[in-house]
There are 4 protein chains.
Amino acid sequence: MFMIIKNYYRINFYSLTDYTFMDRKILMHVGPTMIDLDVLLSGVRYNTGFGSPEFIDAMKNSLNGLNKMMMAPDYHPFILPGSGSLAMESVTSLLKKDENVLVISSGVFGDRWKAIFNHYQIKCDLMRSEPGDIVSIDKIMEAVERKHYKMVTMTYVETSTGVRFPVKEVTSKIRKYVDIVVVDAVAAAGGEELNVQDWNIDVCLTASQKALASPPGAALMVLSDNAMSAISENSINGYYTDLGQWDKVMSAFLDGKSGYYTTLPVHIIFSLEESFKLIEKETMEARIKRHKTVAGAIAAGLDAMDTGILAKKEYRSNTVTGMMLNGIDMNAFLKGCLNDGIEMATGIIPEYAGKYVRIGHMGNINTNDAIATIAVIERELHKYGKKFTAGAGVSAVQEYLESL
Amino acid sequence: MFMIIKNYYRINFYSLTDYTFMDRKILMHVGPTMIDLDVLLSGVRYNTGFGSPEFIDAMKNSLNGLNKMMMAPDYHPFILPGSGSLAMESVTSLLKKDENVLVISSGVFGDRWKAIFNHYQIKCDLMRSEPGDIVSIDKIMEAVERKHYKMVTMTYVETSTGVRFPVKEVTSKIRKYVDIVVVDAVAAAGGEELNVQDWNIDVCLTASQKALASPPGAALMVLSDNAMSAISENSINGYYTDLGQWDKVMSAFLDGKSGYYTTLPVHIIFSLEESFKLIEKETMEARIKRHKTVAGAIAAGLDAMDTGILAKKEYRSNTVTGMMLNGIDMNAFLKGCLNDGIEMATGIIPEYAGKYVRIGHMGNINTNDAIATIAVIERELHKYGKKFTAGAGVSAVQEYLESL
Amino acid sequence: MFMIIKNYYRINFYSLTDYTFMDRKILMHVGPTMIDLDVLLSGVRYNTGFGSPEFIDAMKNSLNGLNKMMMAPDYHPFILPGSGSLAMESVTSLLKKDENVLVISSGVFGDRWKAIFNHYQIKCDLMRSEPGDIVSIDKIMEAVERKHYKMVTMTYVETSTGVRFPVKEVTSKIRKYVDIVVVDAVAAAGGEELNVQDWNIDVCLTASQKALASPPGAALMVLSDNAMSAISENSINGYYTDLGQWDKVMSAFLDGKSGYYTTLPVHIIFSLEESFKLIEKETMEARIKRHKTVAGAIAAGLDAMDTGILAKKEYRSNTVTGMMLNGIDMNAFLKGCLNDGIEMATGIIPEYAGKYVRIGHMGNINTNDAIATIAVIERELHKYGKKFTAGAGVSAVQEYLESL
Amino acid sequence: MFMIIKNYYRINFYSLTDYTFMDRKILMHVGPTMIDLDVLLSGVRYNTGFGSPEFIDAMKNSLNGLNKMMMAPDYHPFILPGSGSLAMESVTSLLKKDENVLVISSGVFGDRWKAIFNHYQIKCDLMRSEPGDIVSIDKIMEAVERKHYKMVTMTYVETSTGVRFPVKEVTSKIRKYVDIVVVDAVAAAGGEELNVQDWNIDVCLTASQKALASPPGAALMVLSDNAMSAISENSINGYYTDLGQWDKVMSAFLDGKSGYYTTLPVHIIFSLEESFKLIEKETMEARIKRHKTVAGAIAAGLDAMDTGILAKKEYRSNTVTGMMLNGIDMNAFLKGCLNDGIEMATGIIPEYAGKYVRIGHMGNINTNDAIATIAVIERELHKYGKKFTAGAGVSAVQEYLESL
């Protein structure tokens, strides 16, 4: 077990001299991801006030949509003005001084829980896997049996590695030992199977700019009654993260009334409302299948080119894939792909920083994006002298898609 | 001196059965305010990644624009993912346990400082004026002479009352007694005279959705070197509000590189970039004059109709006006005006809650908005049997405008 | 009777040095008029093909909406790629060589019929009133009794003068003498009472950018069966104006299929579809009332300032008002108003060119626009030394609105 | 030589039950084509008047941009409110009764010239090739030597077949025999080499929605002094197509003034202005190369799958490819591809109607679109039992792209 205490990343970004894909480049990023035009245009409102009937509707619909997407009809939904990390830090509203918390981490964003709790007078244990792997369930069981934890946090899909953690299985096993089970589903909700209420998760959180495919700016979470009951006068949270206060605001909107604690991101919420409409139209079942198909196509292409994928095969997610670079310079590779119209993300987990790239395939993505991505990667790898037939990657994608 | 500890508001909002101004209603609200279409459309980007060259430019330009608007060329600029309250709470990055803080408040948003500091182990004194008035400067001087304060906070324009506090004068007087002077310019920056560096303010903060006229979702602040030097390992801040970490992100963008701590509101920042462009095009001088003119026109109209204004005459701001209702039901009045195409804000200061409405006149407003607002208020007041000639209000606006 | 043969206008437009209303100026123009944001955003589609299911729907809905707005459920609707003049010229599809046509004109756009027919081997008589007046009905009856006309054209609202012609009354009187009654409702449909089928009009045409409040680019018309039966192999029309061919395209879309003759303005039609939705939501009855109210408010303001209005009182329209300038320079006046945020149109009828301005009040306009317009005009007139109390105009608007 | 007299097409369009690519489908259509978001958003203006300074600028910039794109700096530019067919018909402004015109046609849109001239008292000869081929240059020379033609029309890229006609060579050969050489560059300008002035073409026309990648609604053309001198009082044109009148409007805008004949498509022109800006930024040289690359990639893929291409190899264009269907049902095939996110156009030339599909690759297209298109076609063909290895098509695209 080791500790990560800083979470700041600085990227020495490439300059682009011959960049000609400004408009229709394909954003295969881990977030923000590509956004449906209707979602963006829903936020184009120049005179919508905070207490307008139309905003009240948008909040109400978004909160209801969140409950549906999370499959948590009886939970308390929250939409907060900030990023996913804000939702993470807001679980301090459920904690009192000196309580025990267990953080189960598969990488950078799992470690972030520890970095957050370090700011508070909390006893926090971190269990961290090797990159690409998960913490073994046996060790987790040992830990929860050994010590009583008020809260355990897990990361459903670890954005830094693309690893999917078996939250359903682990939650069911640890449930009786711990008070509050928190799942960070930032890179999962909207693209992975997720049945929060049935799986008995207490807190499940995400952000607007991932598989939800809205602009960044809203943190979203649902809390069980059990979680809500932990909010108290003695909770250690700050002002902005005070879920007890925010709960009143959310209740007001659910009631068709306006509420205020601090200013909500009005325009982002109109976009969110549209994202939830699109999810309803597509159905979550079809949406998860689409994510799985695209992930499978990308993996098939990479496997055929033998690049290696950071996540162990059994933990590959629907939403993020880490492609190993095998010695190729990361920035040069990303720049080459961007100049062919594919934008991907840097590989940031400290153990392999600069040694892989992350392909995000969340939200508004499709099989055409997958084939184009593999095609560009294939041509780029050829430039570096990789030995495989032209077309090997894209052919594998085609075979995969035809096999479905 | 009394204390306000909660900051949550719930508004029993009217239902609108005959609402026909959805599109071109005039939003005379205290925030979000009306937004230039170019500002909104700048944020319509469906595939812009976090590390894209175009986003790096947008951040760099926005940070530079912020320094210019604040007239603080040598300060450290910050753009954070959240509302103005986030910027407020982030000053905890400059504080250590048990330090003394003095909060000078003219109303709800001044009181909010106290509510924030209540979450931390800080010794916080609150001086609060009657609504419409300010805390007397003599009493402030007594306070700072009596006790050493690490930090003093002031609210430039108090959004709940429309009172403008003499921050320039007070800062110059208390400067030698206190370490860090913090000014909340949320409802002021972009509409009131503000020369942060010359006036020797240490921290000046605002939000995107006020006189800047961008969508809500970004908190903005500038810090002096003096303020920055107070950031330490022992600072009491949380994770999300950690200015020490955020500083590295901002420095990266100012350097033309991408940085990451938590996800920034990418689309809002493209809008902000455009807002700063428009400010540069208009010039701050012309912009402040425009705000003053509109505020003067509205005050002239209200005075002619003898409604009463919450703020004392000498403290009336350029950006917010509280119009007294003299017994008229607030929600009915607001609904009536909204159905004539003018959206205003509720009156929320506890002492006068429901007894006044707030007219916001910030950002993208003009004299045509002023006359239309007064015209609608005039006709609405007539419905309640107010005794003044039809046209008295609008005629006064005309006279005022012709007198300039 | 006299003849106008050219219809080209060149405007020596003002330069604007201190123009600060780019975004939220109020467009009181005769066309294009102000457009609802939802209407504009409906046209923001980057990948919508000509034969897409969504475009087929948009065309079908727009054609049906046109029939409804025109109150001509059994007529043949047409949407053509061009301006209103294209619809006018397309009535040549109903004419054969050497047939007689009577043009009844109240101004420039009435005269345009003559200018159009001059390009064809047609016998065209023009009856033209003085500006502000209409051709006397007695004289019209004399004309149709004296000679058999295949077609008579009338202009419902003459955009150059703001005169409303009594099309209902005249149509009912001349109906039995003439074969085809054509009404140019370009500046009327959507803002004036119009019951095409009940009034027994054969052809009624308009354009997208007037009271319909969509972007310019589509010409719209409905034809009775009687009108359709005049289309023949011997019709004198050109290719682009061939209503016989276009009819097949329109029928295809009404059938839920795609049709092609020349490329339709796809994006404009998505906007049109939304305009028709808004009309349905508002109801035509409420919409006409709104236009009447705004027109009344503007007239009340101008009358109070004693400017004179070009149209005789009994012929004042709901949609266009010609304000006399009484010696003030037109371009200077328009520039002055534009710099105060009100854009109006030049006065173009040859007899009074440069001696009046046209205020358009069509489509997406409201009482706030009316008061702001009168306020700006009032202040501008004062600059020219006009002798009336400050506030006289705006007070009159207020009195008028309160009297309703 | 045979004659086509009708140009109307009705498409029995498929219904889509499982259509999930509404937003990010790839539009490989022959027009409208895909549009850059900045181009679309430039047209989102709710209050821009016809005589506004900003519209005057947009028209001036667009006219200048048109001259540049056409490489015809000294020509008279025109932007008309309508489709490409309007520009075609407007050449009647250069013709008098009974003059001789020669139409050289490679398909439907060449034939359209004949259909247009049939509406006028003109002597029109049509030379028409077999689909996929061109009229032989020898026969053209015979024709122009045998009879004096006032005007000859050619189609640079025939949209119905994808055939590129050698306009440079033919113009240089026939130049001395004919008075006016007209080139329809609707499916070419912006994607094919085109040097109008140097090649000595008199009239070159296009439309906004093709390789220019703007919304449909504007017809664009440039005329030489020689062409302009043919405009006379005796020209046979109608009103809407009167280039003599339009010339005055265009001259006014080029002078920085507003002009009016009939209403211009204001919003489309703001989009056009942005399209021309993007063209300038990319450079025409790079743009033509990009079109050539994409066309080559698509042809490589189709050739590898042995589908057959309608155009003879030497006449394949940069912008349109006709893929033969070899017995597959066209509508079913198009629907299948659309459900995989690729929208293509029907095959319409009468000789092969329903036996091929047209792939448009104009404007805002790139190599990622090419590979995705071939991938979808490949999988779709496999469904019909086509015998070639999975990946053959996409591999060929990859090889082609790597060979450049």
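Per chain, numbering begins at 1; letters A, B, ... match sequence-line order. Values below: every heavy atom of this structure, side chains too, minus hydrogens, waters and symmetry copies.
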TODO: Count the heavy-atom pairs under 4.5 Å between each of T33(B), T92(B), I35(B), D242(B) and chain A, then report the option with the highest count.
DONE: I35(B)
TODO: Would you mind telling me which of L37(B), V30(B), T241(B), T48(B) has the largest number of heavy-atom pairs within less than 4.5 Å of chain A?
DONE: T48(B)
Between [atom1] of [X] and [atom2] of [Y], what distance do you get to the nearest 0.5 Å?
X	Y	atom1	atom2	result
M88(B)	Y239(A)	CE	OH	7.5 Å
Y120(A)	I236(B)	OH	CD1	10.5 Å
T262(A)	L86(B)	OG1	CG	8.5 Å
D36(B)	Y46(A)	CG	OH	11.0 Å
I348(B)	Y260(A)	CD1	OH	7.0 Å

TODO: Answer yes or no: is there a donor N or O on one side and an acceptor on the other, between the side chain of N47(B) and the main chain of D23(A), under 3.5 Å?
DONE: yes
Task: Side-chain donor or acceptor of H29(B) paired with backbone N/O of F50(A) under 3.5 Å - done: no
Open item on the list: Between K25(A) and S52(B), does the side chain to side chain contact (heavy atoms under 4.5 Å, CB included) criterion hold? Intermediate values first, please.
Closed with: CA-CA 11 Å; K25(A) 73 177 171 195; S52(B) 293; 3.2 Å; yes
Under 3.5 Å, which donor-acceptor pairs do the side chains of residues 211-220 of chain B form with other protein atoms, sequence neighbours left out?
from: S214(B); atom 1: OG; to: S275(B); atom 2: OG; distance (Å): 2.8

Task: Residue part contacting chain B, namely of I268(A), when any heavy atom lies under 4.5 Å - done: side chain
Open item on the list: Just to verify, which of L80(B), L264(B), T263(B) counts as forming a side chain to side chain contact (heavy atoms under 4.5 Å, CB included) with S83(A)?
Closed with: T263(B)
Open item on the list: List the residues meeting salt bridge (Lys or Arg N to Asp or Glu O under 4.0 Å) with E89(A), not counting sequence neighbours, and say none if there are none.
Closed with: none
TODO: Grab the two heavy atoms, one from L41(B) and one from V44(A), that are nearest each other, plus how far apart they are.
DONE: CD2-CG1, 4.1 Å
Task: V266(B) vs Q209(A) side-chain heavy atoms within contact, under 4.5 Å - done: no
Open item on the list: I'd like to know which of G238(A), G43(A), G82(A) tops the heavy-atom pair count under 4.5 Å against chain B.
Closed with: G238(A)
